[in-house]
Amino acid sequence: MAEPLHPELENPRRRDFIHVATGAFVATGAAMVVYPFIQQMNPSADVLAMATVEVDLSKLQPGQGMKVKWQGKPVLIRYRTPAEISDAIKADTADLRDPEKDAARVKAEHPNFLIAVGVCTHLGCVPLGAASGETRGEYGGFYCPCHGSVYDTSGRIRKGPAPKNLEVPKYAFKSPTVVEIG
Amino acid sequence: MFKLGAFFAGLGFAAAVLWGIWNYEGLAYPDAVKQLHAKPKEVVFANDGAFGSYDLAQLQRGFAVYKGVCSSCHSMKLVSFNAMRDLGYSEAQVKALAKTYDVASIDDKGEPTTRKGLPSDNFPGPYANDEAARAANNGALPPDMSLLASAREEGPRYIYSLITGYAANNTAHYKQLDETTDSSGHKTKLEKLVKYETPDGKYYNPYFSNLNISMPPPLAADGLVDYTDGTKATREQMAKDVSAFLTWTSEPKLEARKRMGTNVLAFLAVLIVLTYLSKRKIWANIK
Amino acid sequence: MAMDWMVDYQPKSGISKWIDQRLPLPRLVYNTLGGYPTPKNLNYFWNFGSLAGMFLVIQIVTGIVLAMHYSANTLVAFNSVEHIMRDVNYGWLIRYLHMNGASFFFVVVYIHIFRGLYYGSYKEPREMLWILGVVIMLLMMATAFMGYVLKWGQMSFWGAKVITGLFSAIPLIGTSIQTLLVGGPVPDNYTLNRFFSLHYLLPFVIVGVVILHIWALHIPGSNNPLGIDVKGPQDTVSFHPYYTIKDLFGVCVALFIFCIFVFFTPDLLGDPDNSIMANPMATPAHIKPEWYFWPFYGILRAFTFDFFGIPAKLWGVLAMFSSILLLFVLPWLDNSPVRSANFRPIYRQMFIVFVIDILVLGWCGGSPAAEPYVIISRFATAYYFIHFLVLVPIVARLETPVSLPKSIGTPVLNYGNLQPAE
């Protein structure tokens with residue numbers, strides 16, 4: 001008899017090793033299977049591909065604004081008048097909740113265009129003030145109707161519950177009247 | 001009682017089919033399509049087999065053939081410009097490529113217009129809709145090419161064979177069975193060779209399902225497409241390249257699939273050995 | 001056959017006692033998968049029950065994920081499937097698992113059924129277990145058929161049209177039933193929406209019936225290759241660890257074969273025509289269902305002639321439905337007290353012929369509707385019905401079985417080759 005009668009008694013370590021290895025492999029395999037099933041919930045390739053949008057600004061007049069869709073979110077664009085620009089620069093010194101200079105929120109060559117993501121930093125509503133006729137709040141910028149946050153002409157939070165300024169997306173001017181957002 | 005009922009039900013079904021066997025009409029004489037239809041030619045592609053992967057240079061050449069020849073009639077609506085980066089094009093190249101296409105859009109007055117394509121767009125088709133496509137092609141609809149290689153048996157080989165398989169109309173002959181009855185009622189069967197007639201406006205192609213295809217030979221001459229990588233653009237080469245390209249449009253994830261498959265199978269092979277050893281250990285004391 | 005030697009669940013720690021008194025879920029799991037006394041002589045054909053369970057889980061998990069990305073609308077359904085294949089992270093993997101998982105679910109369940117037929121697992125006292133199994137198979141067929149329609153390719157559409165058309169063969173009310181199922185004159189958006197809803201629902205109904213199936217299994221206990229009753233503790237082992245590890249080994253082997261299909265020939269079992277979007281104006285040249293319906297499709301197409309005043313169409317539909325439904329009464333057709341075909345020399349030969357017959361029917365059902373396939377399928381269909389309804393009852397009465405071993409424990413000397421001493 002080459003085989004011992006009770007191999008598990010004579011060589012308990014080897015027996016344990018095989019069961020432990022099997023268990024470890026099964027657990028590893030299960031973990032690897034979970035990965036694609038979680039990953040499929042993340043944005044798909046076609047959603048990620050919508051990363052940039054080109055906007056033609058030639059139709060805007062000073063004082064007017066527009067809303068464009070970028071990655072599913074609204075982007076507010078305002079062609080600011082000289083008075084609005086100077087208001088914004090004046091407020092640089094004011095006691096701001098989220099201190100930021102106006103110059104840091106616009107491009108130096110195109111200070112007349114304010115481009116900001118139209119998602120209120122409070123709970124995500126779209127502030128009013130881009131389209132003509134909409135209320136712009138007491139600082140002449142944007143006003144969020146959900147909970148009353150007020151933004152100035154630089155998109156900075158001035159009043160209400162929102163904690164931060166409107167986010168400025170990455171953008172670049174392709175020509176004096178065409179901007180690429182994203 | 002129940003079994004008697006089952007017994008007769010069984011005999012009933014059996015009798016019904018046996019009645020059909022009794023009335024067997026025999027094999028039909030193979031028609032022209034059966035006789036002349038050809039199986040796809042044998043062609044080897046880089047992506048064949050368990051470890052095969054795409055030849056990117058070939059896919060790029062195939063895309064050039066699609067763009068230069070096929071795309072004037074065939075759409076490729078499921079493929080996005082962005083997906084072309086899998087062929088080895090850079091982001092900038094894809095952007096530039098997309099710009100060369102006009103995509104349907106609506107202007108600010110609500111009128112239909114076009115805009116320059118973006119990487120996130122899919123390839124626009126050559127026609128506004130299927131009706132326009134039929135109207136421009138004698139009533140035939142050029143199929144969308146995105147899934148063409150999956151939508152035919154032996155897809156890539158079929159496409160290659162079809163493109164290179166056009167034959168002059170007057171060469172094809174098939175056998176016909178003539179049955180004549182003389183005055184005494186005696187039947188004689190005679191096989192004769194008949195010339196295959198292709199209807200007007202169609203082209204004879206033995207690889208096409210009913211032999212008569214509406215598409216004129218698409219790669220009629222060598223050098224129809226300018227290859228930038230120095231490959232000679234013979235008809236066979238172009239057909240092979242575009243077949244490989246259409247395999248990719250059908251199955252863009254083929255390489256990831258095979259790579260993952262190899263790893264998964266290796267893992268499972270180890271696990272099979274481990275569970276087998278575990279099982280043997282556990283069962284060792286059961287007699 | 002109560003196996004009173006089963007060691008009942010013993011909660012050890014205080015917390016497991018606490019739980020056991022309030023919600024005895026651990027007790028239920030233990031009694032089902034832990035201490036359940038299982039015949040010790042089961043061969044590898046007994047793995048296919050747990051494999052079927054695994055593929056059911058694979059189908060439900062991948063199906064729920066696919067439903068997160070799929071749109072049940074005829075305008076976008078086909079493209080949303082391609083969106084899964086091209087854009088969704090690992091979408092191709094999940095869809096290929098689901099597609100091939102359906103086929104493997106049927107492979108495994110068909111082998112499970114043939115095992116039951118060979119070893120007489122449908123016989124007293126397991127009739128209810130068998131009937132619930134047939135119910136599961138019918139539910140699987142309905143689910144698979146509706147799932148195939150969801151892709152909204154050419155075969156989806158024409159499959160939906162042809163299969164619902166079967167019901168129109170029923171005299172008087174047939175057309176009304178067909179319209180009710182489809183929701184209109186031809187399959188369209190309304191059909192796709194209801195099929196999606198039902199395709200999502202039915203798998204959970206299957207889970208419910210599977211639970212009943214397992215419950216019905218645990219009352220009499222498992223059958224075994226000898227087909228004789230378990231006599232005492234010397235004949236059984238506890239399910240865990242003996243059969244949990246054996247099933248796990250089987251699962252790994254099955255997954256290996258499954259993965260060869262999923263990763264290396266994912267479209268082999270599919271049909272190229274389903275890569276073309278549904279077109280109600282043009283029928284594909286060669287309509288055929290998925291392979292797992294081929295034997296039944298072969299029976300359907302064997303009838304192309306009116307006979308005995310009944311139209312061909314009705315004959316085909318009657319025969320096709322009867323071929324499945326007669327499985328419900330099989331326990332009462334076969335009165336032989338011997339379960340395992342190993343001890344029934346004539347039935348054993350018949351069984352082999354029957355398996356070949358099913359394969360021939362499948363081959364005919366997947367071939368074009370032309371000769372010689374039609375005449376072959378007629379012979380095969382005749383045998384199918386004669387086998388179940390004529391030969392099985394007669395052979396059960398006339399056959400002299402080989403003498404059975406006294407118990408699972410006795411043929412201990414040649415245990416392993418499963419051919420007991422005669």
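In what follows, every chain begins at residue 1, and chains take the letters A, B, ... in the order their sequences are listed. None of the values given here were measured: they were computed from a predicted structure.
Crowding of A:Lys73 atom NZ: a count of heavy atoms from other residues, nucleotides or ligands under 6.0 Å exceeding 12. At most 12 non-hydrogen atoms from other residues, nucleotides or ligands lie less than 6.0 angstrom from NZ of A:Lys159. The local environment of CG in C:Leu25 is crowded, with over 12 non-hydrogen atoms from other residues, nucleotides or ligands closer than 6.0 Å. The number of heavy atoms from other shown groups lying within 6.0 Å of CZ (A:Phe37) is above 12.
Shown here are the side-chain contact (heavy atoms from CB on, under 4.5 Å) partners of C:Met68, two or more places apart in sequence or in another chain: A:Gln40, A:Met41, C:Ile64.
Heavy atoms of C:Leu248 lying under 4.5 Å from chain A belong exclusively to its side chain. Looking at A:Val47, there are no atoms closer than 4.5 Å to chain C (heavy atoms on both sides), in backbone or side chain.
Counting heavy atoms from C-beta on, the side chains of C:Asp87 and A:Leu48 never come closer than 4.5 Å. Side chains of A:Tyr35 and C:Tyr90 form a contact here, defined as non-hydrogen atoms less than 4.5 Å apart.
Contact between A:Pro36 and C:Ile94 at its shortest, heavy atoms only, is O-CD1, 4.2 Å.
Summarising the geometry, atom OG belonging to A:Ser44 is positioned 7.5 Å from atom NE2 belonging to C:His69; distances are rounded to the nearest 0.5 Å.
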